[in-house]
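Take a look at the structure set out below.
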Amino acid sequence: MMPTSTAFDVSRRGVLAGGVATAATASVSIAADAAPQSAPASAEPRVPVTLKVNGKSNRVDLDPRTTLLDALREHWKLTGTKKGCDHGQCGACTVIVEGRRINSCLTLAVMHDGEAVTTIEGLGEPGDLHPMQAAFVEHDGYQCGYCTPGQICSAVAVLDEIKAGIPSHATADVAAQPAFSIEEVKERMSGNICRCGAYANIFDAIADVAGEARGARA
Amino acid sequence: MKAFTYERAATPAEAAAAAARTPGAKFIAGGTNLLDLMKLEIETPRHLIDVNRIGLDKVEDTPDGGLRIGALVRNTDLAAHPRVRRDYAVLTRALVSGASGQLRNKATTGGNLLQRVRCPYFYDTAKPCNKRKPGSGCAAIGGFNRGLAVLGTSEACIAQHPSDMAVAMRVLDAMVETVKPDGATRTIPIADFHKLPGTTPHIENALEAGELITAVTLPAPVTGTHVYRKVRDRSSYAFALVSVAAIVPSDGRARVALGGVGTKPWRVESAEAGDDAGMGKRILAGAKPTTQNAFKLPLAERTLTAVLADARS
Ligand SMILES: Cc1cc2nc3c(=O)[nH]c(=O)nc-3n(C[C@H](O)[C@H](O)[C@H](O)COP(=O)(O)OP(=O)(O)OC[C@H]3O[C@@H](n4cnc5c(N)ncnc54)[C@H](O)[C@@H]3O)c2cc1C
Ligand code: SF4
Ligand code: FES
Ligand code: FES
């Protein structure tokens, strides 16, 4: 095991100042302006952010640049949520905020002050898995596992979205209540890329949780 | 990402006033386009005004039988609204063909209208781009331009407008409502909202500094089959090469707008009169394709022909 406290201290300082490179320039300009050592750079004050993450409320002071993804990983130390592209293109960072799945890399933590966030750790843990987590294990819905937390958070929300009657591009009659089908699941899961190509087993796992038999196990 | 200061506005008027007060300020709504561009330092606002808690998140009936869509209504909620699904299905279909479920849960009506282009050179800060850096040139003309526009282009910029939602709104004759920092409000027809690049491709829309979109209104529904057909390199989670938004009555004049081909959502009202067979040619008249994107002309024409034939049958 890495000495995690040190690792987090280093990365936390980096993130708060907006990355190592800018941290260096920021401290240079503070010195040049002869700003008092204790005062933070006035141009970028920290902002207090309270999030209810997996049921527990916590407040941290963040550089406003901190994305929700970096806040969860670096400040809440919940590293289950993964950074793939950091640009909304892969879905690895998917979490559920106020009941809706979003890409945590394309939103600022401060925009969610006071809101409730569920990450993969909050869905379930070893010994007490969420049915979707258990189904991914049962159906081998992964290979390297890097996309998996995002896939599972997305899949849980997809089944809720179908139940809530939200239409998709695969819905033939958008005025009608959508029904579960593999075509619906494929379309709705298209924002989660799996570089290992575990899609067939991912769809089996989701169908299983939805109560639909599917694939070889049908 | 460059440093910025952050404030959360409580009302639309407060947001617009804050924008006028603070140099280099920008509104942030869903953040799905702005933060992407800020990470690449293509957008470098010095101050962000968070408009997520100013209200404007409702879809309401208007007295004339239409709809008023608040600027902060999420793309998911707009697509799922019962009246939109029933009376303005072209809009639901356009919305659900765009981005991903996660992105649509964040993306807002105002932000979607204002999303910036997807030209590869706009994204590459090492390359000249008149939109990103006025006067620097256009790397796309003579570069890799397969996905870019064939209509409404200029010597300065040929980037296509990327929004699906805006194409449906163009066919629905939507109106964009705004408030300015001095509190004055106005309504801009969607046809006049997006600007052609001309010699000033960095000016993309009719908004003035600090002007906030408050709502988009739709007139009373138009009967007919509502279609949005999007052709792209993969069947989901990709921008349009060509798209067709159409409202087709069982007989009579169809309304049609094209996406993926123009520097703004493309509609030619005069081309809608006359026979279906010639409509594609009439809409695409004056197109200036490059060798790489010339395929968009037959693709758009055939997609339109198929949409009209299917809807009339
Ligand atoms: C991977 C990916 C794939 C995508 N695919 C598609 C696709 O296929 N089709 C498609 O149409 N789109 C697609 N998009 C784009 C997406 O639709 C936009 O990012 C989104 O609609 C922007 O809305 P937002 O609320 O997040 O805007 P923001 O990012 O918050 O804002 C965008 C701009 O609008 C300004 N702004 C926001 N609200 C207001 C307001 N009320 N008044 C004045 N100014 C305002 C902001 O200052 C900013 O300049 C994709 C995006 C990504 C990342
Ligand atoms: S087409 Fe427009 S956006 Fe693309 S490089 Fe040229 S000026 Fe920039
Ligand atoms: S890391 Fe957020 S979508 Fe890829
Ligand atoms: S399991 Fe490896 S990326 Fe999906």
Does any donor atom in the side chain of A:Asn192 or B:Gln102 lie under 3.5 Å from an acceptor atom in the other side chain?
yes

Turns out that what part of B:Arg53 lies under 4.5 Å from chain A's heavy atoms comes down to side chain

By a 4.5 Å heavy-atom criterion (distance strictly below it), what part of B:Thr32 contacts chain A: side chain, backbone, both, or neither?
both

Spell out, as yes or no, whether a donor-acceptor pair under 3.5 Å connects the side chain of B:Gln160 to the backbone of B:Gly147.
yes

Is there a donor in the side chain of A:Thr107 and an acceptor in the side chain of A:His112, or the other way round, less than 3.5 Å apart?
yes

Looking at B:Lys2, B:Arg104, B:Arg85, which makes the most heavy-atom pairs under 4.5 Å with chain A?
B:Arg85

Between A:Val47, A:Thr94, A:Thr67, which has the largest tally of heavy atom pairs under 4.5 Å with chain B?
A:Thr94

By a 4.5 Å heavy-atom criterion (distance strictly below it), what part of B:Ala29 contacts chain A: side chain, backbone, both, or neither?
backbone

Quick check on B:Arg74 against chain A: is it the side chain, the backbone, both or neither that has a heavy atom closer than 4.5 Å?
side chain

Of the backbone (N, CA, C, O) and the side chain (C-beta and beyond), which part of B:Leu48 lies under 4.5 Å from a heavy atom of chain A, both, or neither?
side chain

Test item: side-chain donor near acceptor, B:Asp36 and A:His87, under 3.5 Å:
yes

Considering only heavy atoms from C-beta outward, does the side chain of B:Ile49 approach that of B:Ile28 to under 4.5 Å?
no

Report the option among A:Gly88, A:Ala176, A:Pro167 that has the most heavy-atom pairs separated by less than 4.5 Å from atoms of chain B.
A:Pro167

Let's test your reading of the structure: which of B:Ser236, B:Ala99, B:Ser100 forms the most heavy-atom pairs below 4.5 Å with chain A?
B:Ser236

Verify whether one side chain among A:Ser154 and A:Arg101 offers a donor that lies under 3.5 Å from an acceptor in the other.
yes

Contact origin within B:Lys230 toward chain A - heavy atom pairs under 4.5 Å
neither

What part of A:Ile193 lies closer than 4.5 angstrom to a heavy atom of chain B: side chain, backbone, both or neither?
side chain

Part of B:Leu95 within contact of chain A (heavy atom distance under 4.5 Å):
neither

I'd like to verify something: which residue of A:Ala157, A:Gly91, A:Gly165, A:Ala164 has the highest number of heavy-atom pairs under 4.5 Å with chain B?
A:Gly165

Do you know which of B:Leu56, B:Asn52, B:Asp50 makes side-chain contact (heavy atoms from CB on, under 4.5 Å) with B:Ile54?
B:Leu56

Scan side-chain atoms only and decide if B:Asn112 and B:Gln115 contain a donor-acceptor pair under the 3.5 Å cut-off.
yes

Just by distance, no angles: are the side chains of B:Tyr123 and B:Arg132 close enough, under 3.5 Å, to form a donor-acceptor pair?
no

Heavy-atom pair count under 4.5 Å with chain A, highest-scoring of B:Arg234, B:Arg86, B:Lys106:
B:Lys106

